[in-house]
**Student:** 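Sharing a structure, written as structure tokens. Questions coming.
Chain letters run A, B, ... following the sequence lines, proteins first and then strands; every chain starts at 1.
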2 protein chains.
Amino acid sequence: MKKEDFENYESLLLDNQLCFPLYASSRLIIRLYTPILEPFGLTYTKYIVMLALWENDHLSVKDLGDKLFLDSGTLTPLLKKLEVQGLIHRERSPEDERNVMITLTKKGQALKEEALVIPQKVGACLNLNPEEFKELHRLLHLILKDSIKTKCGI
Amino acid sequence: MKKEDFENYESLLLDNQLCFPLYASSRLIIRLYTPILEPFGLTYTKYIVMLALWENDHLSVKDLGDKLFLDSGTLTPLLKKLEVQGLIHRERSPEDERNVMITLTKKGQALKEEALVIPQKVGACLNLNPEEFKELHRLLHLILKDSIKTKCGI
DNA sequence: CTCAATCAAATTGTTTACAATTAAATTGAA
DNA sequence: TTCAATTTAATTGTAAACAATTTGATTGAG
């Protein structure tokens, strides 16, 4: 085996991947959320939908998808479940019947108050100091904003 | 609404979450891998299993699970598919019949050579400079190593 | 105006991910 | 030595995630 071949194999080491720790830590943190969200009747994906709506009520499925990087194939069944739970209301927009508008119910609005404990509980499990938190946040948003959409047409 | 209530709601802003950009960028990068891996007959999860085996052949399902933070419920069906594809071989350990040992076939070993193009193609899509790459890598491994297992019993 | 192109949501089918349970092998304390 | 506890894989059932397609509404070029 030539030297340059040996060196190339470095790029296949698990420890040299960026995507792997991204994928693994994402799943690990979602697993951390799961038991905390369970008493609220929320899964992690339902939770981020609620976060988006608490921040900005009355969004279309498309708006939610753009914010959360999810498509209607994921959102539609999930939103139907949130509707059954009485947290949101789904209604076709009269102005443009292509759009389905999502609105919080009273119950959905009220849940925001109770949800305040969630970030506290999760934050207590992460050993990152504020600078590390901030830097990680910055780098991840760099990936979300620049890297992929611009250069690789996703 | 009291002032302190208003300030607490900050913690529920999507943009103040760490988990959300982690989750979103992880999925975004996996979507980036998908078309690159497709010609090799690999999905992202199959790919990281192959990475682990290229690095260290002859691992048990448990070993793989520990390395990749995956359980047998995910790995067993996936390994069966890799076996059907002729990339690996599954065999119960004679020493301890609880363990199923995973070994690369000739074809699985040979694929390593072709896979060398994968990190190049993916790397070209990420706008991170080497320092940012390194720092992101460090912070993610910090999450994987310390934060969760130690403090929150996962 | 009109109809082809576009757009949004829903649907269908496949792959992951994981909790919970089961089955079989191994270990170790009494 | 023996059997209860532990360990490993596999299985079962559920929820996500997403590609591809379908349906229906809207837009805009000619």
**Student:** Leu42(B) CG to dT15(C) P: how many Å, rounded?
**Tutor:** 14 Å
**Student:** Please name all residues satisfying side-chain contact (heavy atoms from CB on, under 4.5 Å) with Asp71(B), sequence neighbours left out, ordered by chain then number.
**Tutor:** Thr74(B)
**Student:** Under a 4.5 Å cut-off applied to non-hydrogen side-chain atoms, are Asn16(B) and Ser11(B) in contact?
**Tutor:** no
**Student:** Between P on dC18(D) and CD on Glu38(B), what's the gap in Å once rounded to a whole number?
**Tutor:** 17 Å
**Student:** Which sits closer to the 5' end of DNA chain D, Asp63(B) or Thr34(B), going by the nucleotide each is nearest to?
**Tutor:** Asp63(B)
**Student:** Which residues pass the side-chain contact (heavy atoms from CB on, under 4.5 Å) test with Ala115(B), sequence neighbours left out?
**Tutor:** Leu12(A), Trp54(B), Ile118(B)
**Student:** Reckon Arg92(B) has a side-chain N or O less than 4.0 Å from the OP1 or OP2 of dA9(D)?
**Tutor:** no
**Student:** Below 3.5 Å, can you tabulate the donor-acceptor pairs from side chains in residues 81-90 of chain B to any protein atom, sequence neighbours excluded?
**Tutor:**
from	atom 1	to	atom 2	distance (Å)
Glu83(B)	OE1	Arg90(B)	NE	3.2
Glu83(B)	OE2	Arg90(B)	N	3.2
Gln85(B)	OE1	Lys46(B)	NZ	2.7
Gln85(B)	NE2	Gly41(B)	O	2.9

**Student:** Of all of residues 55-62 of chain B, which get a heavy atom below 4.0 angstrom from DNA chain D, listed by number?
**Tutor:** Ser60(B), Val61(B), Lys62(B)
**Student:** For Ser72(A), which residues count as a side-chain contact (heavy atoms from CB on, under 4.5 Å) partner, sequence neighbours excluded?
**Tutor:** Val61(A), Thr76(A)
**Student:** Please confirm whether the shortest side-chain N or O distance from Asn99(A) to OP1 or OP2 of dC7(C) is below 4.0 Å.
**Tutor:** no
**Student:** Can you run down the ring pair (Phe, Tyr, Trp, His ring centres under 6.0 Å) pairs that involve residues 102-138 of chain B, sequence neighbours left out, and say none if there aren't any?
**Tutor:** His137(B)-His141(B)
**Student:** What ring pair (Phe, Tyr, Trp, His ring centres under 6.0 Å) pairs are there with at least one residue in residues 22-46 of chain B, not counting sequence neighbours?
**Tutor:** Tyr23(A)-Tyr44(B), Tyr44(A)-Tyr23(B), Tyr33(B)-Tyr44(B), Tyr33(B)-Tyr47(B)
**Student:** Could you write out each protein N or O paired with an N or O of nucleotides 23-27 of chain C at a distance under 3.5 Å?
**Tutor:**
from	atom 1	to	atom 2	distance (Å)
dT26(C)	OP1	Glu97(B)	N	3.2

**Student:** I need the CG-C1' distance between Leu68(B) and dC18(C), as an integer number of Å.
**Tutor:** 15 Å
**Student:** So which heavy atom on Asp57(B) is nearest to which on Thr103(B), and how close?
**Tutor:** OD1-CA, 3.4 Å
**Student:** Which salt bridge (Lys or Arg N to Asp or Glu O under 4.0 Å) pairs, counting each pair once, include a residue from residues 93-103 of chain A, with sequence neighbours left out?
**Tutor:** Asp96(A)-Arg98(A)
**Student:** Rounded to whole Å, please give me the gap between CD1 in Ile102(A) and C1' in dA8(C).
**Tutor:** 12 Å
**Student:** Would you say a side-chain N or O of Thr45(B) is under 4.0 Å from OP1 or OP2 of dA17(C)?
**Tutor:** yes
**Student:** Does any part of the side chain of Leu104(B), heavy atoms only, come nearer than 4.5 Å to the side chain of Leu111(B), both counted from C-beta?
**Tutor:** no
**Student:** Tabulate protein N/O versus nucleotide N/O from nucleotides 2-4 of chain D, keeping only pairs under 3.5 Å, one per line.
**Tutor:**
none

**Student:** Find out whether Leu128(B) and Leu18(A) are in side-chain contact, i.e. whether some heavy atom of one side chain is under 4.5 Å from a heavy atom of the other.
**Tutor:** yes
**Student:** Could you state the CZ-P distance from Phe20(A) to dA17(C), rounded to the nearest angstrom?
**Tutor:** 11 Å
**Student:** Got a sec, which residues hit salt bridge (charged side-chain N to carboxylate O under 4.0 Å, His left out) with Arg138(A), two or more places apart in sequence or on another chain?
**Tutor:** Glu135(A), Glu132(B)
**Student:** Evaluate the side-chain proximity of Leu136(B) to Leu142(A): yes if any heavy-atom separation is below 4.5 Å, no if none is.
**Tutor:** no
**Student:** Once you round it to whole Å, what is the distance between C1' of dT16(C) and OH of Tyr33(B)?
**Tutor:** 18 Å
**Student:** Are the side chains of Leu68(A) and Phe20(B) in contact, using a 4.5 Å heavy-atom criterion?
**Tutor:** yes
**Student:** Below 4.0 angstrom from OP1 or OP2 of dC18(C), is there any side-chain N or O of Arg31(A)?
**Tutor:** yes
**Student:** Should Arg90(A) be listed as having a side-chain N or O under 4.0 Å from OP1 or OP2 of dA10(C)?
**Tutor:** yes
**Student:** Below the 4.0 Å mark, does dT16(C) have OP1 or OP2 next to a side-chain nitrogen or oxygen of Tyr23(A)?
**Tutor:** no
**Student:** Please report the distance, rounded to the nearest Å, between CG in Leu28(A) and P in dA19(C).
**Tutor:** 11 Å
**Student:** Using whole Å, what does the distance between atom P of nucleotide dT15(C) and atom CD1 of Ile30(B) come to?
**Tutor:** 16 Å
**Student:** For DNA chain C, which residues of residues 70-87 of chain B approach it to below 4.0 angstrom with any heavy atom?
**Tutor:** Leu70(B), Asp71(B), Gly73(B), Thr74(B), Lys81(B)
**Student:** Is the shortest distance from a Lys or Arg side-chain nitrogen in Lys62(A) or Asp66(A) to a carboxylate oxygen in the other one below 4.0 Å?
**Tutor:** yes
